[in-house]
> 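Submitted below is the structure of interest, expressed as structure tokens.
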Amino acid sequence: MSGFLSHMDRALSEARAAALRGEVPVGAVVVAPDGRVVAAEGNRTRELCDPTAHAEILALRAACAAAGSERLPGHDLYVTLEPCPMCAAAISFARVARLYYGAADPKSGGVAHGARVFSHPQCHHAPEVYDGIAEVEAGRLLRAFFAGRRE
């Protein structure tokens with residue numbers, strides 16, 4: 001991939017901000033085909049009292065609003081954690097071109113684990129998927145957050 005520029009650092013920054021708000025530290029960034037960041041969000045389920053306010057959903061909503069369309073062809077999505085089935089379905093519906101994610105989520109993931117949304121015949125669009133991007137840092141953030149909750 002010539003000229004590839006990862007935006008996972010920005011997603012990690014959004015995840016850290018989410019943790020400071022008491023949210024599960026997950027961050028997401030949507031990048032337009034021209035390389036511009038068009039949306040960056042962190043989880044806000046508790047803050048908004050909304051079970052759908054995952055970082056991916058919020059970032060997709062903002063990017064679609066900016067694009068004036070429910071679809072984001074050619075766009076990339078960077079997420080610090082493997083998207084859950086709900087988010088994976090939204091990624092498919094938005095027609096995101098490429099998904100880059102950090103830590104795997106064997107318990108609640110919907111891409112490589114669990115529902116494996118993109119592998120179903122009912123899935124109308126499957127993005128290219130690249131996993132393990134900044135996986136160590138993303139995993140560290142999540143482990144630290146949950147360790148603090150268990151003390």
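Note that the structure is a prediction, hence the values are computed from the model and not measured.
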> Please tell me whether Arg95 and Ser69 have a donor and an acceptor in their side chains that are separated by less than 3.5 angstrom.
no
> Side-chain contact test, heavy atoms from C-beta onward, threshold under 4.5 Å: evaluate it for Cys84 versus Asp105 and give yes or no.
no
> Do you know which two heavy atoms are closest between Ala103 and Gly139, and how far apart they sit?
CB-N, 4.1 Å
> Whether Arg44 and Glu14 form a salt bridge (side-chain N of Lys/Arg under 4.0 Å from carboxylate O of Asp/Glu) is what I want to check.
no
> Looking at Arg36 and Ala32, would you say the former's side chain and the latter's main chain have a donor-acceptor pair under 3.5 Å?
no
> Could you pull out the closest heavy-atom pair between Ala39 and Ala59, with the gap in Å?
CB-O, 3.3 Å
> Would Val24 and Leu142 count as a side chain to side chain contact (heavy atoms under 4.5 Å, CB included) here? Give the steps.
CA-CA 7 Å; Val24 174; Leu142 288 158; 3.9 Å; yes
> Can you check whether Tyr101 reaches Val111 side chain to side chain, under 4.5 Å on heavy atoms?
yes
> Could you walk me through whether Asp131 and Glu82 pass side chain to side chain contact (heavy atoms under 4.5 Å, CB included), step by step?
CA-CA 8 Å; Asp131 62 354; Glu82 176 184 349; over 6 Å; no
> Is any side-chain heavy atom of Val129 less than 4.5 Å from a side-chain heavy atom of Pro127?
yes
> Will you find, in the side chains of Thr45 and Asn43, an N or O donor that is under 3.5 Å from an N or O acceptor?
no
> If you compare all heavy atoms of Pro25 against all heavy atoms of Ala19, which two are closest, and at what distance to 0.1 Å?
CB-CB, 3.8 Å
> I'd like to check Val37 versus Val30 (side-chain heavy atoms, cut-off strictly below 4.5 Å). Are they in contact?
no
> State the CZ-OG distance between Phe118 and Ser92, to the nearest 0.5 angstrom.
6.5 Å
> If you round to the nearest 0.5 Å, how far is CD of Glu137 from CG of Leu12?
5.5 Å
> If two hydrophobic side chains count as joined below 4.5 Å and joins carry through other members, does Ile57 share a cluster with Leu72?
no
> So, His120 side chain and Val117 main chain: donor-acceptor pair closer than 3.5 Å or not?
no
> Quick one: do Phe146 and Leu81 end up in the same hydrophobic cluster if we chain Ile, Leu, Val, Met, Phe, Trp and Tyr together by side-chain heavy atoms under 4.5 Å apart?
yes
> Hydrophobic clustering (ILVMFWY, side-chain heavy atoms < 4.5 Å, transitive) - are Met8 and Tyr130 grouped together?
yes
> Minimum heavy-atom separation for Pro33 and Pro73, please, with both atom names.
CG-O, 3.8 Å
> Side-chain heavy atoms nearer than 4.5 Å, only ILVMFWY residues, links allowed to pass through others: does that put Val79 and Phe145 together?
yes
> Quick one: NE2 on His7 to CD1 on Ile133, what's the gap to the nearest 0.5 Å?
12.0 Å
> Check whether any side-chain heavy atom of Leu99 sits under 4.5 Å from a side-chain heavy atom of Tyr78, and report yes or no.
no
> Can you tell me how far CZ of Arg71 sits from NE2 of His125, rounded to the nearest 0.5 angstrom?
10.0 Å
> Is there a path from Leu60 to Met86 through hydrophobic residues (I, L, V, M, F, W, Y) whose side chains come within less than 4.5 Å of each other?
no
> Please tell me if the side chains of Val29 and Leu77 come closer than 4.5 Å, counting only heavy atoms from C-beta onward.
no
> So which heavy atom on Ala115 is nearest to which on Pro85, and how close?
CB-CG, 3.8 Å
> Is any side-chain heavy atom of Thr80 closer than 4.5 Å to a side-chain heavy atom of Leu141?
no
